[in-house]
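None of the values given here were measured: they were computed from a predicted structure. First the proteins, then the strands, lettered A, B, ... as listed; each starts at 1.
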2 protein chains.
Amino acid sequence: MTTEPQAGAKALRPARTNATRQKLFDASMELIGERGAANVTVDEIAAAAGVSKGTVYYNFGSKSELIAQLLRHGVDILKARLLDAADGRDGRDPLLAMEAMIGQAMDFMAEYPSFARLWVSENWRIPSEWQGTFSVLRGELLEVIAQAVESVAAAYPVDDSVSRGSLETAIFGACFVVGLDRQTYNPERTRDQSVAAIMAIMRGYVLKEAAPRG
Amino acid sequence: MTTEPQAGAKALRPARTNATRQKLFDASMELIGERGAANVTVDEIAAAAGVSKGTVYYNFGSKSELIAQLLRHGVDILKARLLDAADGRDGRDPLLAMEAMIGQAMDFMAEYPSFARLWVSENWRIPSEWQGTFSVLRGELLEVIAQAVESVAAAYPVDDSVSRGSLETAIFGACFVVGLDRQTYNPERTRDQSVAAIMAIMRGYVLKEAAPRG
DNA sequence: CTAACCAAACTGACCGGTCAGTTCAAATAA
DNA sequence: TTATTTGAACTGACCGGTCAGTTTGGTTAG
């Protein structure tokens with residue numbers, strides 16, 4: 001195996017390395033998102049990143065590990081945005097916070113469509129090479145959604161016959177699919193239309209138009 | 001290229017051929033759904049079907065064409081079920097018909113999880129080998145959903161600010177994702193929970209609890 | 001009845017090419 | 001000095017597609 005840089009010492013790593021890793025993330029996100037992990041070669045990724053093949057193995061050790069870290073990278077970005085959207089509305093109407101989060105999700109899908117494609121392509125495989133990675137990352141994202149749903153349920157009367165978990169999954173899934181479909185098949189649809197369609201789930205969950213904190 | 005059987009003469013083809021094609025559909029649906037189209041070899045498919053590799057090429061001409069016909073095959077089954085669920089409730093409450101359809105979709109996902117995985121894995125790739133196939137099949141399925149939504153909109157007051165297309169896409173996507181998630185991560189969730197979560201979209205779309213044909 | 005015949009269906013060894021992963025000496029930054 | 005990158009060569013496994021030959025089931029001729 002090639003000599004890897006100290007894996008845990010991200011902070012100590014020189015800027016050059018981080019720049020290289022970023023270039024590799026960008027290049028592989030694009031290629032893998034479009035054509036699928038199995039249909040992209042390491043040589044292609046290296047070339048697209050303007051880097052040699054050896055550098056890929058020096059930095060990541062394997063193609064599989066590169067992809068695992070790519071997934072983690074993308075989720076970190078998405079999570080940060082969702083939390084930011086929620087925090088920005090702290091103390092306000094939880095339904096508006098939810099709407100802001102879904103809007104952020106749509107923006108993310110528009111900005112990183114390849115990440116979304118990679119996610120849906122590999123997420124439900126069994127057993128996947130990245131099963132553990134997906135399990136953890138999926139949990140983190142659902143946690144963010146769960147918090148937002150919880151806030152809504154605390155402020156509004158909701159339909160308790162609907163299972164929280166299933167509801168969160170439906171929102172999660174609808175975000176990915178609506179976002180991806182807009183990219184692929186219906187570019188004419190607006191961000192707001194997409195958000196409104198997904199928000200229908202929440203309007204169906206909340207029982208009546210009671211005022212928040214009612 | 002190997003000599004293919006007359007493509008249009010399905011009726012004339014001996015039973016042996018149709019049996020072979022069915023075995024190949026079953027085997028490849030399973031393998032490709034689990035591991036992805038690119039990670040399954042034609043040899044494996046042939047072996048799993050209890051048939052030689054040459055037979056695959058005799059019947060389908062290429063791996064790509066096998067998968068295209070596999071997609072068509074699965075959609076035919078799903079469409080038939082959805083239409084059946086809708087027809088079975090003809091003249092009744094369109095919301096109940098919708099609920100029946102979503103229930104059928106859940107059943108389908110449970111029975112053919114591999115098809116659902118194949119679909120989400122390859123659907124949003126650009127450009128995909130099966131782009132044309134997906135475009136057509138996606139349109140057919142959305143058409144069925146659109147009809148059901150139309151019936152609801154005709155019988156109930158609905159939120160016209162929500163774009164029909166986006167709504168249908170959200171339902172479509174939620175069905176796949178909720179169904180797959182149940183298979184992969186949450187087998188303890190019941191069919192009814194899943195249906196209820198997806199139906200929240202419709203309850204959010206309908207304005208009040210007006211009686212049908214109001 | 002049955003032997004000869006035929007085309008469709010099927011077989012599986014084989015070929016040409018591809019790719020992930022490895023290695024390493026030389027170059028280049030910090 | 002030391003960490004990082006380069007570039008090119010190499011390997012060994014794997015895979016899609018091909019093709020010459022075999023089996024099967026039915027039809028026809030004698």
Nearest-angstrom distance from the residue atom CG of Asn59(A) to P of dG21(C): 15 Å
Sole candidate of Phe60(A), Tyr112(A), Phe115(A), Phe25(A) that passes ring pair (Phe, Tyr, Trp, His ring centres under 6.0 Å) when paired with His73(A): Phe25(A)
Worked verdict on Val144(A) versus Leu78(A) for side-chain contact (heavy atoms from CB on, under 4.5 Å): CA-CA 10 Å; Val144(A) 176; Leu78(A) 175 55; over 6 Å; no
Donor on one side chain, acceptor on other, Arg21(B) and Gln69(B), under 3.5 Å: yes
Test salt bridge (charged side-chain N to carboxylate O under 4.0 Å, His left out) applied to Asp107(A) and Arg81(A), step by step: CA-CA 10 Å; Asp107(A) 292 342; Arg81(A) 291 201 182 188; 5.8 Å; no
Axial bend angle, the helix from dC1(C)-dG30(D) to dA30(C)-dT1(D): five-pair end segments, nearest 10°: 20°
Candidate pair Trp119(B) and Phe134(B), rule ring-ring contact (aromatic ring centres under 6.0 Å, His included), full reasoning: CA-CA 9 Å; Trp119(B) 184 275; Phe134(B) 272 114; 5.0 Å; yes
Proximity to the side chain of Thr55(A) - top-ranked nucleotide from dG21(C), dT5(D), dG17(D): dT5(D)
Any side-chain donor near an acceptor of the partner, Asp192(A) and Thr190(A), under 3.5 Å: no
Polar side chain donor-acceptor pair, Ser128(B) to Glu122(B), under 3.5 angstrom: no
Check against side-chain contact (heavy atoms from CB on, under 4.5 Å), Leu66(B) and Ile45(B): CA-CA 11 Å; Leu66(B) 163 63; Ile45(B) 294 171; 4.1 Å; yes
Between Arg182(A) and Ser166(B): side-chain donor-acceptor atoms closer than 3.5 Å: no
Spatial distance of atom CZ (Arg72(B)) from atom CG (Leu137(B)) [nearest 0.5 Å]: 4.5 Å
Residues touching DNA chain C, which here means a heavy atom under 4.0 Å, drawn from residues 29-49 of chain A: Val40(A), Thr41(A), Val42(A)
Nucleotide nearest Tyr58(A) when distance is taken to its side chain, options dA8(C), dT4(D), dG17(D): dT4(D)
Restricting both atoms to N or O, compile the protein contacts to nucleotides 10-13 of chain D shorter than 3.5 Å, with distance only.
none

Nearest listed nucleotide, side chain of Lys63(A), among dG16(D), dC10(C), dA20(C): dA20(C)
